[in-house]
Each structure stands twice: as C-alpha cells, then as structure tokens.
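A quick write-up on the structure given underneath.
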Amino acid sequence: MSNNLSEQELVRRESLQKIKDLGINPFPAAEVKVNFKTTEFTSVEFLANLVKEIEKLKGVGAVKAKQIAALLTKNKFRVSALLEADLGLTEAIEFDAGVTHTATTLEEFVGGLRVAAMGDYKPEKFPEVHIAGRFMGQRGPFAKLQDSEGRMQLYIKKGTIGETEEEQLKINALVKQLHIGDFIGVKGYLFSSQTGEVSVHVQELNFLGKSLKPLPIVKRDKQGNIYDEFKDPELRYRQRYVDLTVNPSVKEIFLKRSKVIKSMRTFFDEKGWLEVETPILQPIHGGAAARPFDTHHNTLDMPLYMRIANELYLKRLIVGGFDGVYEIGKMFRNEGMDRTHNPEFTSMEIYVAYKDYIWMMEMVENCIAYIAQEVNGTLIAQVGENTIDFTPPYRRLSMYDSIKEYTGIDVSKMDEAGLRAICKQLHIETDNTMGKGKLVDEIFGAKVEDYLIQPTYITDYPIEMTPLAKKHRTEEGLVERFELFVNGKEIANAYSELNDPIDQRERFEDQLKLAARGDDEAMVLDEDFLRALEYGMPPTSGLGIGIDRLTMMLTNQSSIQEVLFFPQMKPEVNQQKEEEEVAE
RNA sequence: UGCCUCGUAGCUCAGUUGGUUAGAGCACUCCGCUUUUAACGGAGGGGUCGUGAGUUCGAAUCUCACUGGGGCAACCA
C-alpha cells in the first residue's frame, strides 16, 4: 500500500473518522431502498412546458406566453413581479385560474403553473422518492446526486432533516463531511426549484460509502461546453471506473456495445439458431492464421493455446447435427496492437447448414441493418467524415474486379512471378514467403481496401489464402468467400465452408508448405477436425463478425480502446517496481 | 520494431533566450452566504516538474539513457 497520500486523501481519511465519530458507519451493510432514478429533466424542458401551460389561458398567444414564462422564471415566480410588469394579463390569468386550476389566489395559481410545468415529474406523483448515488458537489442548499442514469439535484435544507434537534445536528455535521464521490441515499419528495429544475427535497439522508480518492471534476455548461475534461487516454483506460464516472459519453458507448451484442443475439435466436460455447484453451490453434498465446496445463503436462478462432469447433457441431450454431466470445492473437487491434477481441462466428455464401450475404446485410436500427434507431451512421448507409442490399464485387476497378490492372490470370512484378510496379513490398494468394491480398490491401466506404462485399478470393473455404463452383483457382468492408475496414468474413475432407487435407498440407517457407502464421493441421469431416458435414455457410469493429462503426469511434472497457496496457511503473520487490 | 511527440498539484493546463521561494482554474481547508445552475465572496494549504545520470555558478527548461502514453509507419484477415 502506498503511504504517500496527497493532502486531499488525508483530508478524506480524517473525514471518514469524523463520520465514524458521529456514530455513523461509513460503509453500511444493509440493502438500500431505491425506487427512483435521476432524471435529466432540464430547465429547458421546464420552460417549454411552462410556455405550454400559459398558452392554455384565454387571450394569451405564443409570444406573450413566452414573455410571461421568462418573467416568471427570471423573478423566481414572484407574483408581484408579474403584476408590476403590466402585461395586461392579470385578468385573464385570474379568470382562468378560477376555472381550470381551482386556485383561490394568484400565488396559488402561479405555484400551480410551476408544478404543472414539471410535466411527468409532479410532487403528487412522487411524494416519496428514494434515490441513491454519488454526491457530486454542493452549492448552497443544493447538491448534485449522480446515479447510473445521470445527475439530479437535491435540496438539503439545514435543520429540516431528522426528527429531533439532536438528529438534525448530526445530519448537519454529516453533510459537512460529504466529499465529491461519496455515496449517499436520500428520501424526499419531488419539487421544482425557483429556476425550474426538478429536485428532490431531502427528508432523510443516509451515508452509504466514503470516497477516499478525489474524482476529477468535469464541468459542463448548458451550451455543452466541457471544462476541465478528464481526457488523458492513459488515465482514462487505466482507471476506466473514473472515466465512466465522470464522462457520460463513455458510458453511452458501452451501452451501445451491449445493444449491438444483444440485438445480434436476438436476430439469430429468432431464426432458431443455437448459441454455444466451445473451448478457449485449445491443444491445436486452428481456424485462422495468427500467432497464438501459448500456455501449459500442469496436470496433463501438455501445451495449450488460447484460441485464435473457434471455427473448427463450430463446424464439428454442424457435423454433429445442429442446423445453426453461433458463438460470441473472446479470441486471442499474440500480435501487434494499434487502434484497430487488441490482443483479445470479441468475435461472433455462426455456421448454418445447407446454405452457401450467396445466402449468407443476404443474411449479413439484414442482420447488420437490424443491429444498426436497434442501436442507433437509424440505418445511417456517421463515421468520422463518412456517412455510412447500412440499408440493404450491399454492393457485391469480386476481388479481381475490385483490383481492376481501383488499379486498372487485371490480375486474374497472373502467376506468382507476374503478381510480384505488379507489386513492384505499384510500390508494394513483398518477400519470398508470400504465395500467390498473399500477393493478391497485398495488392488489395494497399490499393482497394481503404476506398470501400459504403458497405461492400468483396467476393471470390484466391484459394491459397483461404484453406477452409469451398472451391468456387465455376471459377478455377478461387474459393467461395466474401468479406464485408465498411469505411475501409473489414468487419465480416464468410465462406461456403469446405466439407470435402480429402480436399481439406490437401489444403492443410499446402499450408504446411507455406509454413516451411517461413510463414509463421500458416495454419496447423488438425487431425480430429479432418476425422469429423470424414464422417460427413452438410453443405454449410459460415460467418465471422468482429464485434469491436462493428461497435466502433456504430458509435463513431476510431480507436478499439474506446469500445473496450479495459484495453490491454503495459503495467504501470510503480506496480512494476512493487512486483520486482516481491520477487526479490 | 523504426520515426515523431508528450509526461509540471487530485484534474485540466501555463511556465519566455537556462536565472529569486515553480504559477492559474477547478478540487481541497477555514470563514461568510443558503432557491443555486460550469465557475457565490474572502482567506489559506497543497508540487522528489515521469525516473536516473550528465553539462552548467545555476536545469521544469539543454544532452543522454530508461519508463509510460499518444500519433505515423511496419506487422496483423
């Protein structure tokens, strides 16, 4: 434990003791009654409602209603100010007051207007509100409380909380000890302050938990300007709990991420496909081309790998007789990190029997459109400078045609030497481990990918780079595969799955040859998977979607770290030191 | 892995060609105020300037190494 406490941390520890001295447990165990969440009801809404209420009066038009509303809010709902203003409206108000609001005095009527302007948040509707959250600052008798939904104002009037004088003094003393970030629970009733903010008039106050470290203070004004924003990425990612507490927009992203996954699951479940779980610790890291994390099982004394993909296991389940299986889960790849790669990431893979990749394209665009609609309420997404339209159908373009379209070169009939020459001409670096498929992919990656902004299927890949896909039904040297590109990034990958075990064995053997050439990401041969195929697998189409990247598109984020709660980071320095000390 | 760039108070940031005791706003403490709206008034406390070495009479500032972050590239379905 650190013994270099800052001044403010010491103050809070002293405050903790003072709370104990009051006979209050600063970390009480009992369940907290909560029957209400904060509302973002603003004074802007209040004003709009107030105008509407006033417009109901006879002889008051929209313009005058606005004038009266402004007058009332500016003068704290003082009737005298209204009368002095000489707008010639007092008769109309008095008249209507008698009819519609059963008010006997102008004061009562004006008070009624204020209550009416609270819209759905009327005191009579919420006479006993229990609300809990973090205390986020106080100004005069008004405090801010923040819960999972947002912030709301509390009215804490001195000497009104507690039945006896002794209790009241105790609460006063407690309120003095509140620091930003402390958890409290209150009971009270809703009312509107004189400026029209819906607030809780506190009648009971309970201390629920002390915050010993000061939170960063971020302030926002009504124009949406942010002051003292907590924005250092290092601090935000390392202390995501702080980020989430003080930056509501961050929470929004993760709520959307959850909706992405939930709506995708709903879409598949409604089609009757089965959600499954397959091993994360695998003896053979199959199903993709990537370096794995390796580990070791002590009891079995065997190496194990964190999965780089789950494809081969899901296909085994299709062999076993399921019509459709899908899995949403983490994959692990021991490779570089940047704004679109994290060592662990979330993928969804789905396999559906008796379908092909043509069918899959239609399924994917419907699925993504459904998700976009559920998450954002629209099929249009703004991603950086680009406006993406997820409305199906999406453009379909073969890989060779796409290269022809963006470079003017037809590479479809070229051999490895020819491709190498083209790469040189286009200033694309190559090396000897690259086969024909890889070379085509390099050209595509360098000259086409970035320009695929609107959702586009790139179809029919060279066979060399796709050992698990079925050979194309008509085109020699190609496989039935597509990738979906959006905003220049790949977000989905699908095949007509290879179900011929003899062909599959040959493809694995080709991969072994690539590995021998030095390609350390070539696939490994999985004998048990081949055995499964030998028992027979129906024609099947499979699909993988990168959940993180899809979420990035739907939340307009350019970094994967912004859509992961806890992106991978190097250890903090002091933590490293402590570990070294422990080791010594 | 290469190049560029940043690291100053709890947070966000100033800090001049190297020159007294390193500043501001918020936050914090005390006093006043108690229907306020990012920021009420007054007073006050708080910093091994990322770490270590070097140059210098003198380093937050210049040099080197290390460390962590970010960007670009490379790598990566």
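Since this is a predicted model, take the numbers as computed values, not measurements. Each chain gets a letter, A, B and so on, in the order its sequence line appears, and its residues count up from 1.
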Counting any heavy atom closer than 4.0 Å, what does [X] reach on the DNA or RNA strands: base, sugar-phosphate only, or nothing?
X: A:Glu449; answer: nothing
X: A:Arg236; answer: nothing
X: A:Met337; answer: nothing
X: A:Glu229; answer: sugar-phosphate
X: A:Asn225; answer: nothing
X: A:Lys213; answer: nothing
X: A:Arg339; answer: sugar-phosphate
X: A:Phe332; answer: nothing
X: A:Glu197; answer: base
X: A:Phe230; answer: sugar-phosphate
X: A:Thr195; answer: base

Inset, instruction - Would you mind telling me which residue lines up with the more 5' stretch of RNA chain B, A:Asp232 or A:Thr340, judged by nearest nucleotide? - result: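 Per heavy-atom nearest nucleotide, the more 5' residue is A:Asp232.
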Does [X] get its side chain close enough to the base of [N], under 3.5 Å, for a donor-acceptor pair?
X: A:Glu7; N: B:rG45; value: yes
X: A:Gln8; N: B:rA27; value: yes
X: A:Tyr495; N: B:rA77; value: yes
X: A:Ser193; N: B:rU37; value: yes

Legend entry - Parallel, tilted or perpendicular: rings of A:Phe529 and A:Phe508 (30°, 60°):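 Plane angle over 60°, so perpendicular.
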Inset, instruction - Evaluate the ring planes of A:Tyr394 and A:Tyr457, with Trp represented by its six-membered ring, and classify them as parallel (under 30°), tilted (30 to 60°) or perpendicular (over 60°). - result: tilted
Legend entry - Phosphate contact (B:rU29 OP1 or OP2) by A:His179 side-chain N/O below 4.0 Å: yes
Legend entry - Shortest side-chain distance from A:Val11, nucleotide among B:rU34, B:rC28, B:rA27: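 When the side chain of A:Val11 is considered, B:rC28 is the closest of B:rU34, B:rC28, B:rA27.
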Legend entry - Exercise: do A:Tyr155 and A:Gln153 side chains pair donor with acceptor under 3.5 Å: no
Legend entry - A:Tyr227 side chain to A:Asp221 side chain, donor-acceptor N/O pair below 3.5 angstrom: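 Checked: A:Tyr227/A:Asp221 side chains pair up, N/O donor to acceptor below 3.5 Å.
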Inset, instruction - Could you give me the CA-CA distance, side-chain angles and deciding distance for A:Lys144 and A:Glu197, then say whether salt bridge (Lys or Arg N to Asp or Glu O under 4.0 Å) is met? - result: CA-CA 12 Å; A:Lys144 291 280 186 234; A:Glu197 181 161 341; 3.1 Å; yes
Inset, instruction - Could you give the distance separating B:rC26 and B:rA38 at their C1' atoms, to the nearest angstrom? - result: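 To the nearest whole Å, 10 Å.
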